[in-house]
2 protein chains.
Amino acid sequence: MPPRKKLTAAARRAQLIEVGRKAFAKKGYEATSVEEIAQRAKVSKPIVYEHFGGKEGLYAVIVDREVELVVALISEAISSGSPRERLEKAALVFLTYVKDHPDGFAVLTHDAPVTATRGNLSSLLNDVAERVGKVFAVAFKQAGYDARTAPIYAHALVGMVTFVGQWWTDARKPPVEKVASHLASLAWMGLRHLPKQPTPITKRSTS
Amino acid sequence: MPPRKKLTAAARRAQLIEVGRKAFAKKGYEATSVEEIAQRAKVSKPIVYEHFGGKEGLYAVIVDREVELVVALISEAISSGSPRERLEKAALVFLTYVKDHPDGFAVLTHDAPVTATRGNLSSLLNDVAERVGKVFAVAFKQAGYDARTAPIYAHALVGMVTFVGQWWTDARKPPVEKVASHLASLAWMGLRHLPKQPTPITKRSTS
DNA sequence: GACGTAAGTTACGCTTTAGTAAGTTACTAG
DNA sequence: CTAGTAACTTACTAAAGCGTAACTTACGTC
């Protein structure tokens, strides 16, 4: 079979999503043109419109997929275990996501179209932080702390992980497990009582 | 004197910077048009070009001012005191900045123009984190910790403060001093050893 | 009150880009 | 081989937006 010239609708759709993700990841929504995406997919512009109705349609699909993915990963990670385990697993899972899906992550960090009400990384993380905050509020109340301060800690933790993830994107620094472990140590023990060698939640063969 | 129709060059320039900051804060660089800015300033488009040479010129001036301001504030905050005091002061100063200059902060959070090499909030914060990381590396070495892990902690702390700042923008939650104090507590003691009532670095008359 | 100049406007050219209408090509089933 | 159709292209419209050339108006000054 000589190289195909026409793809099935499903295959083309999938390809456009991939290409679009790369493009939006690089320049953000506004600075990326439909023409550009079409060219990279070696296809003409109307194809994009046939599949997604327009620029925002494609963007929406791409962002939605990433959001669903991240939410699923985080939800799974914090579904069980001790508080500390949950935090470490969440950090691990998020960092792994950033590592394995750099384009998707980049798309989320860029500005969303002005018309969109949601879809930013900020809004996603705020949702996560809010959920964590509610859990904290309960725990704080039981322990005799001021429950109104819970959101501060929740957002601090989410911000911590996120920003490390962003930094971690650029340069291939230490392995994810180590980083996640350090983050968990910081959150749990503070700088004052850092262990010399943080104990990873998952034992690895790396010494 | 009846209401003026013409402003001096300096006054108009200042006004355009203010108006531009608000506009860029709302929709980001790409989605904001020069026409729009001119209209809001009740002036015609060429005025903007006279003063700043173009859209990017105006944007560059606005961002530069904000970056300089933040850098100056943070530098001052971490110039002296114990490590913990420095962290708390830095958090306090940053949160205060976010509170007092919401538009400037918003501009920094949006995407920079594609042509720009720097000017993002990310790059600014990465610089800060890198500086902190170097200080940490020295301290880690002295204390017998792995100095290569220092950047993790540095970035974690910066991310912590930043994300809380972002969250704090929307809703007027607890006073800055409290928030900064909680952040410092978290960083120093960890969730495991949180004090019931964090002691603010600056004694206030509030209770 | 005339006049020089800083400040400002109108009206345009040109490029980019979102979106569409109408026609064309490659694959596939009989 | 032939037809039907799903996939695709060419060629366009309309609008938005950056930037500029040429002209006008208000203000201070003698």
Side-chain angles (χ1 to χ4, degrees), chain A residues 1-24 26-63 107 110-116 119, chain B residues 1-20 22-24 26-63 110-116 119:
Chain A
M1 223 185 238
R4 281 208 167 208
K5 293 199 72 178
K6 289 190 178 183
L7 273 64
T8 68
R12 186 63 77 193
R13 196 184 144 91
Q15 183 214 14
L16 285 173
I17 289 175
E18 265 196 60
V19 169
R21 190 168 43 220
K22 271 204 185 70
F24 286 134
K26 198 160 196 177
K27 306 210 277 174
Y29 177 79
E30 300 282 355
T32 305
S33 72
V34 176
E35 181 70 47
E36 204 178 322
I37 293 169
Q39 270 185 10
R40 284 190 186 228
K42 307 210 168 180
V43 146
S44 66
K45 231 183 351 160
I47 301 296
V48 178
Y49 286 86
E50 250 184 315
H51 281 287
F52 303 99
K55 193 182 179 185
E56 286 209 65
L58 173 58
Y59 180 83
V61 170
I62 291 170
V63 164
V107 170
H110 282 300
D111 283 348
V114 267
T115 63
Chain B
M1 224 187 239
R4 281 208 165 208
K5 295 199 70 179
K6 290 190 178 180
L7 272 63
T8 69
R12 184 65 76 193
R13 196 184 146 91
Q15 184 216 11
L16 284 173
I17 290 175
E18 265 196 60
V19 169
K22 272 204 183 72
F24 286 133
K26 199 160 195 176
K27 307 212 275 174
Y29 177 79
E30 299 282 356
T32 304
S33 72
V34 176
E35 180 69 47
E36 204 179 321
I37 293 169
Q39 271 185 8
R40 283 192 187 227
K42 308 213 168 177
V43 148
S44 67
K45 233 186 343 166
I47 302 296
V48 178
Y49 287 86
E50 247 178 66
H51 281 287
F52 303 98
K55 193 183 179 183
E56 287 209 64
L58 173 57
Y59 180 82
V61 170
I62 290 169
V63 165
H110 282 300
D111 283 348
V114 267
T115 63

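Everything quoted here is computed from the prediction, not taken from an experiment. We name chains A, B, ... by the order of the sequence lines, and we start the count at 1 in each one.
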**Student:** So Glu50(A) and Ile47(A), do their side chains get closer than 4.5 Å, heavy atoms only?
**Tutor:**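 Ile47(A) vs Glu50(A): side chains touch.
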**Student:** Do the side chain of Lys26(B) and the main chain of Thr32(B) share a donor and acceptor less than 3.5 angstrom apart?
**Tutor:**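 No, because the side chain of Lys26(B) does not come within donor-acceptor range (under 3.5 Å) of the backbone of Thr32(B).
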**Student:** Measure the distance from CD on Gln39(A) to C1' on dC8(D) and round it to the nearest whole Å.
**Tutor:**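 Spelled out: CD on Gln39(A) to C1' on dC8(D) is 16 Å.
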**Student:** Using salt bridge (charged side-chain N to carboxylate O under 4.0 Å, His left out) as the criterion, list what pairs up with Glu36(B), not counting sequence neighbours.
**Tutor:**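 So Glu36(B) forms a salt bridge (charged side-chain N to carboxylate O under 4.0 Å, His left out) with Lys27(B).
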**Student:** Return a single string for nucleotides 1-18 of chain C, one symbol per nucleotide in 5' to 3' order, where B is base contact, S is sugar-phosphate-only contact and - is none, cutoff 4.0 angstrom on heavy atoms.
**Tutor:** -----BBBBB-------B
**Student:** Kindly write out the residues that satisfy ring-ring contact (aromatic ring centres under 6.0 Å, His included) with Tyr59(A), not counting sequence neighbours, or none if the list is empty.
**Tutor:**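 Once residues adjacent in sequence are excluded, the partners of Tyr59(A) under the ring-ring contact (aromatic ring centres under 6.0 Å, His included) criterion are Phe24(A), Tyr29(A).
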**Student:** I need the minimum non-hydrogen distance between Glu30(A) and Pro113(A), along with the two atoms involved.
**Tutor:**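 Closest approach of Glu30(A) to Pro113(A): OE2-CA, 4.3 Å.
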